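Below you'll find the structure, written out as structure tokens, and then a few comments.
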Amino acid sequence: MQIYPSRQEKNEYRVLCFAVLMIAAMLTLPFIGIGHFYTRGEPREAIVAVAMMEQSNYILPIFQGEFAFKPPMLHWLVSLFSLPQGYVSEFTARMPSAVAFIAMCTGFFSFFARRYPMRRVFLATLILITSFEVHRAAMTCRVDMVLTAFMVGGFISLYRWHERHLKGLPIVASLLISGAILTKGPIGAILPCFALTMMMLTDGEGLKRCVIACLKIVFLAAIIPALWYIAAYHYGGDEFIALVMEENFGRFLGKMTYESHENGVFYYFPILLGGLMPWTLLAVCGLFTEKWKKITPKTWWRQFSEMHPIRRWSLIVSICVFVFYLIPKSKRSVYLLPLYPFISLLIADYTFHLLQYHRKAVRVFALTLASLAILFSIAMISVRHLDLSILGDSRSSQRLICQLAELQKDNNTVTYLIMAIIPLLTAVVLLWKRALSLKPLTLAVCSWIACLFTIEASLNPAIKNSVPDYRFSQTVKHYTRNSETWYFNPRKDETLYCIAFYLGNKVKEVNSAAQLPPTGYVMLRLKDAEAFEQQAINRNIARVLTTDNEFTSIKHDLVLYRFE
């Protein structure tokens with residue numbers, strides 16, 4: 001463990017730790033409440049918390065006629081943050097992810113800065129905070145960032161236990177892994193145990209010792225989740241068990257009863273490069289400056305064995321997470337989130353290598369980001385006066401037009417312009433101060449942070465609000481006067497999570513018009529309108545409302561019928 005003997009080093013550590021906390025908070029907390037839900041995933045998780053609070057059932061509530069697909073940790077946290085105001089909002093629903101992100105980044109820096117060169121860890125943490133995939137996950141109401149925070153905490157605590165030569169019991173690590181299990185299931189324990197086993201084997205530990213260590217972890221970590229699983233089985237019975245088996249083992253083995261993000265074996269390679277943007281560009285700049293030498297397996301193993309333990313642990317965790325998720329057919333970009341802190345440390349090491357031997361590559365990268373920041377500001381200002389019809393009439397063009405039209409609707413012109421020019425001012429001021437030649441990393445980091453600030457303050461809210469679900473639901477409320485609304489779903493393939501959330505969890509699904517009461521209002525997809533009208537031929541029906549565009553959370557136009 002690295003010790004800072006001087007007061008100056010201690011003060012620098014405190015200042016940098018506080019800087020990490022402030023940057024992570026600044027890029028998330030002011031913006032998580034801006035913009036409505038616009039996908040199926042966010043409101044699906046939020047509405048579980050709504051059901052928990054309404055039913056006072058914090059074990060296994062029923063929402064939209066089904067159980068939650070994931071364990072309840074996220075929904076507990078959403079409910080907790082929502083208690084002071086008494087209802088779930090976009091802000092309180094996204095709060096767990098933002099808080100988990102802030103805690104993960106601060107904890108990562110605090111732990112590794114005591115064991116590794118502090119400025120390298122600080123750069124690694126900035127890379128982590130500003131990586132595209134990590135930042136995106138921090139801004140959404142999904143289980144992925146909460147799971148990642150618990151798992152990264154578990155990885156860190158297991159490294160600490162490994163430092164102590166596995167003496168005692170891994171209480172802290174087991175509690176964090178328990179949180180991961182309660183967020184997404186057994187995967188929360190499998191990956192940390194996998195990484196610890198690989199670390200111990202590369203250290204020359206025997207397999208028996210590895211197995212005993214993993215059994216200790218699993219036994220301790222399973223105690224609290226087991227209590228919930230037993231209670232949930234009491235509520236849900238065999239149907240709950242079937243759901244657990246499908247979501248955990250069926251997903252891994254590719255035997256889901258529904259399509260679940262099935263992708264090929266090479267899916268994660270471009271996804272990881274994209275998720276690490278813009279730092280992927282730095283690696284590309286460095287590739288053209290390196291003199292590559294042929295490395296034999298023996299040489300590689302010698303270099304690996306001689307690595308600093310922190311760097312070796314980071315490499316092992318990154319490889320274990322990446323390889324593990326190559327196996328199942330179900331693949332999503334967010335599954336790789338637990339490796340981002342550790343691969344960020346490796347990227348920081350490589351960046352310092354470039355600064356020492358190939359400084360020109362870092363300058364090119366910094367100038368590229370500064371140029372992109374300037375162009376981004378110009379684009380944000382120009383779009384206010386752009387004739388959107390020039391974008392064409394294809395489906396993708398129409399979606400882009402809907403999103404840019406939201407930017408043009410912003411009546412607060414002064415605030416919009418201030419937000420738009422922040423990246424430009426940041427890049428210009430730093431270039432004027434010669435940051436490119438003196439401190440190119442300062443120019444790169446500050447330019448990208450400024451871009452993220454403007455994206456979250458102006459661009460992302462427009463993208464979210466261009467989806468018509470919220471507007472449609474508010475008009476539905478006007479017709480139904482907050483009473484129950486029906487949803488006609490003959491194929492049982494699309495649940496209106498987003499609309500249901502904004503209608504206060506008062507949507508009931510039917511697959512036949514005969515199941516409807518004598519009078520009321522029913523929502524359906526426009527493509528199901530003909531089937532509904534044929535089934536309701538003996539009723540007096542009238543179409544009263546249609547979404548203003550087809551780019552809803554379920555990617556279809558929605559209509560509202562009155563029937564009697």
Side-chain angles (χ1 to χ4, degrees), residues 1-4 13 16-17 20 100 103-125 127-128 134 147-181 187-207 209-221 303-324 336-349:
M1 180 174 178
Q2 189 168 340
I3 299 174
Y4 302 123
Y13 168 78
L16 292 182
C17 193
V20 167
M104 177 185 72
C105 295
T106 308
F108 176 81
F109 174 81
S110 177
F111 183 84
F112 284 117
R114 298 171 182 269
R115 294 164 169 78
Y116 205 60
M118 188 181 351
R119 297 192 179 185
R120 294 196 180 201
V121 179
F122 181 64
L123 175 61
T125 311
I127 293 171
L128 173 64
V134 177
L147 172 69
T148 300
F150 277 119
M151 288 187 66
V152 170
F155 284 130
I156 289 173
S157 298
L158 288 181
Y159 180 82
R160 179 74 184 95
W161 192 43
H162 183 263
E163 273 186 331
R164 302 198 314 263
H165 307 290
L166 309 185
K167 293 180 180 178
L169 294 175
I171 302 296
V172 175
S174 298
L175 286 173
L176 290 166
I177 292 170
S178 291
I181 296 172
I187 188 65
I190 293 172
L191 278 175
C193 288
F194 182 28
L196 179 64
T197 300
M198 291 298 102
M199 183 71 169
M200 292 175 68
L201 290 176
T202 55
D203 281 347
E205 300 273 4
L207 185 60
R209 185 170 166 80
C210 297
V211 171
I212 293 173
C214 289
L215 287 176
K216 288 181 181 179
I217 297 166
V218 171
F219 177 77
L220 292 172
Q303 293 177 349
F304 175 78
S305 302
E306 294 172 356
M307 276 184 183
H308 188 287
I310 292 290
R311 187 187 296 181
R312 187 150 53 90
W313 176 243
S314 297
L315 182 60
I316 287 173
V317 171
S318 300
I319 293 174
C320 285
V321 174
F322 189 83
V323 170
F324 180 85
L336 296 183
L337 281 172
L339 69 78
Y340 277 81
F342 303 96
I343 203 169
S344 295
L345 193 64
L346 300 177
I347 293 173
D349 275 339

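As the structure is a computational prediction, the values presented were derived from the model and not from experiment.
If you take SG on C210 and CE on M200, they are separated by 4.0 Å, rounding to the nearest 0.5 Å. Here CD1 of I310 is found 13.0 Å from CZ of R114. Values are rounded to the nearest 0.5 Å. The structure places CG of L176 at 11.5 Å from CE of M151, a figure rounded to the nearest 0.5 Å. A distance of 14.5 Å separates OH in Y340 from CZ in F108, rounded to the nearest 0.5 Å. To the nearest 0.5 angstrom, L128 atom CG is 9.5 Å from F342 atom CZ. In this structure, CZ in F150 is found 11.5 Å from OG in S157, a value given to the nearest 0.5 Å.
Contact check for R209 versus L166: side-chain heavy atoms found under the 4.5 Å cut-off. The shortest side-chain heavy-atom distance between K216 and I212 falls under the 4.5 Å cut-off. Using a 4.5 Å heavy-atom threshold, the side chains of I171 and L175 count as touching. With contacts defined as side-chain heavy-atom distances shorter than 4.5 Å, the pair C320/I316 qualifies. Side-chain contact check for L345 versus Y116: some heavy-atom pair is nearer than 4.5 Å. Residues H162 and D203 have side chains in contact (heavy-atom distance under 4.5 Å, counting atoms from C-beta outward).
Taking both residues in full, the closest heavy atoms of I187 and P192 are given as O-CD, 4.2 Å, listed atom of the first, atom of the second, then distance. In plain terms, the two heavy atoms of S178 and A221 that are nearest each other are OG-O, 2.6 Å. Contact detail for G168 and W161: the closest heavy-atom pair is O-NE1, 3.4 Å. Nearest heavy-atom pair, R312 versus T202, reported as atom, atom and distance to 0.1 Å: NH1-OG1, 3.5 Å. The two residues C17 and T106 have their closest heavy-atom pair at SG-CG2, 4.0 Å. Taking all atoms of both residues into account, the shortest heavy-atom contact from V152 to P338 is CG2-O, 4.0 Å.
Taking the six-membered ring where tryptophan is involved, the planes of Y13 and F109 are essentially parallel, since the angle between them stays under 30° and well short of 60°. Between F111 and Y159, the ring planes are perpendicular. Angles over 60° get that label, and only those under 30° would be called parallel.
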Residue pair I190, F324: steps toward the side-chain contact (heavy atoms from CB on, under 4.5 Å) verdict: CA-CA 10 Å; I190 293 172; F324 180 85; 3.9 Å; yes
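Of the listed residues (M307, M198, M199), just one forms a side-chain contact (heavy atoms from CB on, under 4.5 Å) with W313, and that residue is M199.
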